[in-house]
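The block underneath contains the structure these notes are about, expressed in structure tokens.
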Amino acid sequence: MIIVIDGPAGAGKSTTAREIARRTGFDYVDSGAMYRGFTYLYLMHEFDRSRLLKNLADHNLRFEFHVTDARAFHGDSEITDEVRSDKVNDYVSEVAAMAEVREAVCHMLREVSKDRNVVLEGRDLGTVVFPDADFKFFLTADPAARARRRYEELIGKGDTQITLEDVRRNVEKRDHIDSSRNIAPLKKADDAVEIDSTFLTFEEQITRILQYVRNKPEVKNKTNT
Ligand code: DC
């Protein structure tokens, strides 16, 4: 069974998808980590786009997903932390806009999800990668709420320099890049269930998703419920 959760940056897709995985025993698949893996290669290739694309078939990247555990490897080296570095953050939108990279990631996502129960998070999973997913959710929250959550997370991690205004600008910039790119822009699938978490607690949000998954299999064929 395939459950996809798409939505804008900071909507809480990753904590939500992991919690759904934890409660269902499905494997959590982080599609962003794959784009980040290719961005890691882009940095290794000294930002040479043609070298990256030439070596695409031979990328040597590998991802392991087991319940809530998502790990990335390049050859024998684990790069789970490296793909979350600031440097990768700075370039991942650029790499995620390359058609050839999107095609490679799309293929890897389909392979990794074959004959398996998975909950995946991303931007274009319900529209492009898994148009026939069993369940599609589009998780949103208003930009101010997303900025505040992200700000609190950064403060919690000990970042004392950042301001709420910086975070708000960054959220708006990522929204713009993700939804205005030509290929596979961030977009709700017509048959996805939209969940606006602005005024929901985390538990309410999880309960709502699990209600669909457990009780409403027919939701698959509904439009805009
Ligand atoms: O979710 P994340 O921050 O790890 O995603 C990293 C980047 O990859 C972000 O710029 C959006 C892009 N992405 C995408 O274009 N399509 C996906 N299915 C997942 C992520």
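All ligand and atom numbering here is 1-based and tracks the order in the structure.
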Please tabulate, one line per pair, the protein N or O atoms found under 3.5 Å from any N or O atom of ligand 1, giving the distance to one decimal.
unit_1, atom_1, unit_2, atom_2, d
ligand 1, 1 (O), R123, NH1, 3.1
ligand 1, 3 (O), R36, NH2, 3.1
ligand 1, 3 (O), R174, NH2, 3.0
ligand 1, 4 (O), R36, NE, 2.8
ligand 1, 4 (O), R36, NH2, 3.4
ligand 1, 15 (O), R102, NH1, 2.9
ligand 1, 15 (O), R102, NH2, 3.3
ligand 1, 15 (O), R181, NH1, 3.0
ligand 1, 15 (O), R181, NH2, 2.9
ligand 1, 16 (N), R102, NH2, 3.0
ligand 1, 18 (N), S31, OG, 3.1
ligand 1, 18 (N), R123, N, 3.2
ligand 1, 18 (N), D124, OD1, 3.0

With sequence neighbours left out, the residues meeting side-chain contact (heavy atoms from CB on, under 4.5 Å) with E203 are R23, T201, T207
Under 3.5 Å, is there a donor-acceptor pair linking the side chains of R149 and T15?
-> no
Sequence neighbours left out, what passes side-chain contact (heavy atoms from CB on, under 4.5 Å) with T39? Give chain and number order.
-> V88, Y91, V92, V95
Report the residues that fulfil salt bridge (Lys or Arg N to Asp or Glu O under 4.0 Å) with R146, sequence neighbours left out, ordered by chain and then residue number.
-> D175
Got a sec: does the CZ of R116 have more than 12 other heavy atoms crowding it under 6.0 Å?
-> yes
For R102 and A96, indicate whether the former's side chain and the latter's backbone hold a donor-acceptor pair under 3.5 Å.
-> yes
